[in-house]
Amino acid sequence: MGDKDNQELSHQANSTPKEVERQFFLPSQVMRTFGEKGKEHLNKNMPSQFILSLAAGSFMTFGAVFSVLLSLGVDAKGLAYLLQGLGFATGYLMVFISGSVLFTEVNVLLPTYYLQKSYWKKHKYLKFWVATYIGNIAGALFVALLIIGSGSMTPEFTKGLETLLGHKMQFAEHGWIGWIQVVLSGIVANWLIGMAAFLTTSARDMIGKIMGTALPVTLFVAGNFQHSAANMGYFSLGLFASDNYEWYEYLLFNLIPASIGNIIGGAIFISLLFSYAYRKEIRR
């Protein structure tokens, strides 16, 4: 073996592995991907945006149904929380993998995109934001109507659903303090879901994406943190299967304050925090 060959082998042994050979993408790569996805969503035409938001809302109701079904008859709270989280993670995974447009994920993607740009398309942003929110609710209601109308759910399912609805609506009993508590809870919830999107984007295989989604989702479900998109699924089922609450109570005492908290949690604690921390790497 000649000197040239020895030098080449030495160089290969001492060189840093390429980023593409990692089992996960670097944080700066994830943030660049967030920005690119935000741009792609924003540049889609309105019919495509609305259809993808309908799909995402539908997946939230599927996740809500699965979370209730998996935890039926489980008395141990820890195990029930675990099963509920795994069930709902199914809905989020369908959103992440399919490229559907979820309101709370948009609160991470679009701020990341704008933080990487020098201009602000305010009207385009607000139009997309509103269309996504309405589409998510419409999709959630549509699937809830199909499932309840099919007669597939049992009385045990309705009882389990009402228990979950009671946990989510317990803040309404505290008046304005409860309203603020939902905002704070919403911050935590979308911080966690933002990290689910972060971990899922970082993973390079399906198993990694499943684990990256399931762990933060299980944590937010176990902590009863208020996530507006998830609650759209539960509340849509509640409108057709239970008479414990009226639609305006779901909206005023949970969805509105949770949405405010979700915007703060996603935009500040994911987009702003990581965009600033990795600003030099992102600009390379």
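The chain is numbered in sequence order, starting from 1.
- Proximity of Leu86 to Leu82: side-chain heavy atoms (C-beta onward) are separated by under 4.5 Å at one or more points.
- Taking all atoms of both residues into account, the shortest heavy-atom contact from Gly208 to Ala203 is C-CB, 3.4 Å.
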Practice problem: Might you work through the side chain to side chain contact (heavy atoms under 4.5 Å, CB included) test for Leu164 and Gln84, ending with a clear yes or no? | Solution: CA-CA 10 Å; Leu164 281 169; Gln84 288 169 7; 3.7 Å; yes
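- Here the straight-line distance linking atom CG of Leu192 with atom CD1 of Ile187 works out to 12.0 Å at 0.5 Å rounding.
- Nearest heavy-atom pair, Glu105 versus Ser100, reported as atom, atom and distance to 0.1 Å: OE1-O, 3.9 Å.
- Residues Ser67 and Tyr234 have side chains that bring a donor and an acceptor to within less than 3.5 angstrom of each other.
- When every heavy atom of Gly160 is checked against every heavy atom of Val68, the shortest pair comes out as C-CG1, 4.1 Å.
- Here the NZ-CE distance, from Lys209 to Met206, works out to 7.0 Å after rounding to the nearest 0.5 Å.
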Exercise. With side chain to side chain contact (heavy atoms under 4.5 Å, CB included) as the test, would you mind laying out the steps for Glu281 and Leu26 before giving the verdict?
Key: CA-CA 10 Å; Glu281 293 89 340; Leu26 296 174; over 6 Å; no
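- With rounding to the nearest 0.5 Å, the separation of CD1 in Ile210 from CG in Asp205 is 9.0 Å.
- Residues Ile263 and Trp129 form a side-chain contact, since some pair of their non-hydrogen atoms from C-beta on lies under 4.5 Å apart.
- Hydrophobic clustering (ILVMFWY, side-chain heavy atoms < 4.5 Å, transitive): Leu54 and Tyr92 are in one cluster.
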Exercise. Evaluate the ring-ring contact (aromatic ring centres under 6.0 Å, His included) criterion for residues Phe96 and Phe59: first the C-alpha distance (whole Å), next the side-chain angles of each, then the deciding distance (0.1 Å), finally the verdict.
Key: CA-CA 10 Å; Phe96 294 152; Phe59 297 151; over 10 Å; no
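- Taken together through direct or relayed side-chain contacts under 4.5 Å among Ile, Leu, Val, Met, Phe, Trp and Tyr, Phe103 and Val130 form part of one hydrophobic cluster.
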Quiz prompt | Ile193/Val217 under side chain to side chain contact (heavy atoms under 4.5 Å, CB included): CA gap, chis, key distance, verdict | solution = CA-CA 7 Å; Ile193 294 304; Val217 170; 3.8 Å; yes
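- Of all the heavy atoms in Thr112 and Gly35, the pair that sits closest is CG2-N, 3.8 Å.
- Judged by distance alone, the side chain of Gln116 and the main-chain N or O of Met31 form a donor-acceptor pair under 3.5 Å.
- Linking ILVMFWY residues whenever their side-chain heavy atoms come closer than 4.5 Å, directly or via other members, places Ile134 and Leu252 in the same cluster.
- Distance check, rounded to the nearest 0.5 Å: CZ of Phe220 to CD of Gln226 gives 8.5 Å.
- Here the CZ atom belonging to Phe128 is positioned 6.5 Å from the CG atom belonging to Leu42, to the nearest 0.5 angstrom.
- Heavy atoms only, all atoms of each residue included: Ala56 and Asn136 are closest at CB-ND2, 3.7 Å.
- By the rule that hydrophobic residues join a cluster once side-chain heavy atoms approach within less than 4.5 Å of another member, Phe157 and Tyr81 end up as members of separate clusters.
- Legend: residues meeting side chain to side chain contact (heavy atoms under 4.5 Å, CB included) with Thr163, ordered by chain and number and at least two apart, are His167.
- Two residues are said to be in side-chain contact when any heavy atoms from C-beta on lie closer than 4.5 Å; Tyr133 and Leu255 meet this criterion.
- The closest donor-acceptor contact from the side chain of Ser53 to the backbone of Phe50 lies under 3.5 Å.
- Linking ILVMFWY residues whenever their side-chain heavy atoms come closer than 4.5 Å, directly or via other members, leaves Ile51 and Phe142 in distinct clusters.
- In terms of modelled atom types and a separation under 3.5 Å, the side chain of Asn107 and the main chain of Gly266 share no donor-acceptor contact.
- Atom CG of Leu273 sits about 10.0 Å away from atom CD1 of Ile268, to the nearest 0.5 Å.
- Residues Ser28 and Ile282 come closest through the heavy atom pair O-CG1, 4.0 Å.
- Contacts classified as side chain to side chain donor-acceptor pair (under 3.5 Å) and involving residues 182-194 (residues at least two apart or in different chains) are given here: Asn190-His227.
- Here the side chain of Ser150 pairs a donor or acceptor atom with the backbone of Ile147 at under 3.5 angstrom.
- Relative orientation of the Phe34 and Phe198 rings is perpendicular, given thresholds of 30° and 60° on the angle between their planes.
- With hydrogens and angles disregarded, a donor-acceptor distance shorter than 3.5 Å links the side chain of Asn254 to the backbone of Lys168.
- Checking side-chain atoms of Gln49 against main-chain N and O of His41 turns up a donor-acceptor pair under 3.5 Å.
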Practice problem: I would like to know whether Thr201 and Phe25 meet side chain to side chain contact (heavy atoms under 4.5 Å, CB included); could you show each step before the answer? | Solution: CA-CA 8 Å; Thr201 303; Phe25 292 111; 5.9 Å; no
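- Phe88 places a side-chain heavy atom less than 4.5 Å from the side chain of Met60.
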